[in-house]
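Fair warning: this is a prediction, and the values are worked out from it, not measured in the lab. Sequence lines set the chain letters: A, B, ... in the order given, protein chains first and strands last, and positions in each chain run from 1.
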Protein chains: 2
Amino acid sequence: MNTMTEREPSWEWYRTFLKVLETGSLSAAGRAMGLTQPTVGRHIDNLEMALGLKLFIRSFDGFAPTDAALELKPYAVSVATTTAALRRVASSHGTGVRGTVRLTASEVISVEVLPPILAALRNEHPALTIELVTSNKADDLLHREADIAVRMFKPEQEALVAKRVGGIEVGLHAHKRYLAAYGTPKSIAGLSDHSLIGFDYESAYVRQFQKQFPWFSRAALAFRADSDLAQLAAIRAGFGIGICQSALAAKDKALVRLLPTQFSIMMDTWVAMHEDLRQSARCAATFTALVAGLSAYIKS
Amino acid sequence: MNTMTEREPSWEWYRTFLKVLETGSLSAAGRAMGLTQPTVGRHIDNLEMALGLKLFIRSFDGFAPTDAALELKPYAVSVATTTAALRRVASSHGTGVRGTVRLTASEVISVEVLPPILAALRNEHPALTIELVTSNKADDLLHREADIAVRMFKPEQEALVAKRVGGIEVGLHAHKRYLAAYGTPKSIAGLSDHSLIGFDYESAYVRQFQKQFPWFSRAALAFRADSDLAQLAAIRAGFGIGICQSALAAKDKALVRLLPTQFSIMMDTWVAMHEDLRQSARCAATFTALVAGLSAYIKS
DNA sequence: TCGCTGCTATAAATAAATGAATACTATGAC
DNA sequence: GTCATAGTATTCATTTATTTATAGCAGCGA
């Protein structure tokens, strides 16, 4: 019951706290925020005083965050994403489709599929600004890190409104040039003689995938990349045989689909957003455009 | 690509914005925050300028929030809950179980069951401060509105760690005095001649309940309260026949269990918290104490 | 109708936060 | 080693924000 209520720390201090964590120094944080180094330092001092703990260990080449600071960081990040979402909502106020909408999608989708869809959307709504984040994180819609997401799995959170736009077919592909030089595999077993391109990281999805197709194990891969876009580039460059969307490959005459009957995966594709955002003109319009554009892409 | 980047609004402005929304006036917000009215007014002006929209319609008896302000409010609330969570984490730093832990539970649990458990916990950890919020909202753990929740249903969110502590039996009860005056019902059908006590609000749970026990419909109730605690008080006061935990009723010799074979509901009881908080000594200790205390209560 | 209360708006006085300049320390390149 | 660079800590002048004080308006009750 401390009646002598020590005041709540200024929320602004959290902002500079986060920037110092991100940049690693008072000076850099100051530059990033349009403040000076002494000011940033004082904010940190104030916050440390208010919270009653040391957040950084002072040294001459940057601050070293303490365990406490790292423990608090996720909360500061959460505040930052929330205020960013608030500003997006604010920017959209007025009549018509306007303001900023923030999307997430995988790299391949972002680079190969979305651009024409977004260009058309923007053409229709010139007052709309689009932010595109390449990410596969599942939880960023609930925390308003993005407004709308294109996902390759069914979103399960109940607070989300999600629409399935169809299945994207994924298959084995290689460049003509590669096949001319190293031959065309006639069976799955024949793949072991080839340069395979695949995932580097270990996600739940990749693990399940490798369980289903054990010949595609990590050890068998000659080229590993955590970016599906880099894998696609490797296929296009004739490095070897890899997995990519067959619709993308079909647009490039030099790419050849391999073993289509033995290997084909349909990836369910969904567009999802927070249900609260249905009220928002900018999000509703973008959602509709994404659903329509992706459906057309899949059917093509 | 506006290079002339208009600065991000100070996060502090969001705080006063929220307080103005909550209090309804600049002056009241100022009083609540330890600021003066002109300061609060300028914060709002600044925020309106930065966001480029009117947040309040000025009048002489308080501000009237615009639609835009109401639309932004949830985001400001989210920031407030996040900073509160941050401060709880900060307060717990150090060795041992210390700091503030925030719980939610239903009213009856909060008032009738938890106090001795929490008292023992506090006795064991004198540096621990406890906040108890009576609420049944399902989503407040993910948004860190509370650290730990006692729920009557299985938490489904995957980011939560939940432990079932058993089933709490709920049955029909009445006070001796009431039964002496109006008789004891011999069957479910006989209840229609009695004063029934039940829910006022319509929740999914209540709807399902009334589907299962149609004789307990809203129209049949002589006393309706949205508070289960008020219902319990009505039973104790001899108003009529109502539903409450049989374990609670058993502790009061004046209360009588009615039709125990015909009417008995087991309510699954869970303790849940965000999985990240397992690392936190204060939360882990409280979680354990709640699980142990509630299990003991249920078995008794 | 008057006087009270509570609110916002505005202007001058004051307190507080910020910025500029500087000293000092560590580090890495030459 | 020496110099250049990048960082923090500190001091003091300055700008900025906040308070204090004041005026005006609306609602309410006597």
Integer-rounded Å distance: [N] [atom2] and [X] [atom1]:
| X | N | atom1 | atom2 | value |
| --- | --- | --- | --- | --- |
| B:Ile57 | C:dA9 | CD1 | P | 13 Å |
| A:Met33 | C:dG19 | CE | P | 10 Å |
| A:Glu48 | D:dT8 | CD | C1' | 13 Å |
| B:Ile44 | C:dA9 | CD1 | P | 11 Å |
| B:Leu26 | C:dC7 | CG | P | 10 Å |

Going by heavy atoms in the side chains, are B:Arg278 and B:Val161 under 4.5 Å from each other?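 SC-SC contact between B:Arg278 and B:Val161 confirmed.
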Who pairs with A:Ala284 by side chain to side chain contact (heavy atoms under 4.5 Å, CB included), at least two apart in sequence or on another chain?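 Once residues adjacent in sequence are excluded, A:Ala284 has no partner under the side chain to side chain contact (heavy atoms under 4.5 Å, CB included) criterion.
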Are any of A:Arg31's side-chain N or O atoms less than 4.0 Å away from OP1 or OP2 of D:dG7?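 Answer yes for this pair, as a side-chain N or O of A:Arg31 is under 4.0 Å from OP1 or OP2.
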May I ask you to evaluate whether A:Ser25 reaches the phosphate of D:dA6, defined as a side-chain N or O under 4.0 Å from OP1 or OP2?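 Looking at the OP1 and OP2 atoms of D:dA6, neither is under 4.0 Å from any side-chain N or O of A:Ser25.
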What residues form a ring-ring contact (aromatic ring centres under 6.0 Å, His included) with A:Phe199, not counting sequence neighbours?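 In terms of ring-ring contact (aromatic ring centres under 6.0 Å, His included), with neighbours along the sequence ignored, A:Phe199 is linked to A:Tyr201.
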Contacts of type ring-ring contact (aromatic ring centres under 6.0 Å, His included), residue B:Tyr75, not counting sequence neighbours: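 None.
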Find every protein N or O atom lying less than 3.5 Å from an N or O atom of nucleotides 14-19 of chain D, and list the pairs.
from	atom 1	to	atom 2	distance (Å)
D:dT18	OP1	B:His43	NE2	3.0
D:dT18	OP2	B:Arg42	NH1	3.4
D:dT18	OP2	B:His43	NE2	3.4
D:dT19	OP2	B:Thr36	N	3.1
D:dT19	OP2	B:Thr36	OG1	2.8
D:dT19	OP2	B:Thr39	OG1	2.5

Report the residues that fulfil salt bridge (Lys or Arg N to Asp or Glu O under 4.0 Å) with A:Arg236, sequence neighbours left out, ordered by chain and then residue number.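 With sequence neighbours excluded, A:Arg236 shows a salt bridge (Lys or Arg N to Asp or Glu O under 4.0 Å) to A:Glu112, given in chain and number order.
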Report all side-chain donor-acceptor pairs from residues 45-54 of chain A shorter than 3.5 Å, counting only partners two or more places apart or in another chain.
from	atom 1	to	atom 2	distance (Å)
A:Asp45	OD1	A:Arg58	NH2	2.5
A:Asn46	ND2	A:Arg42	O	3.3
A:Glu48	OE1	A:Arg58	NH1	3.1
A:Glu48	OE1	A:Arg58	NH2	3.4
A:Glu48	OE2	A:Leu55	N	2.7
A:Glu48	OE2	A:Phe56	N	3.2
A:Glu48	OE2	A:Arg58	NH1	3.0

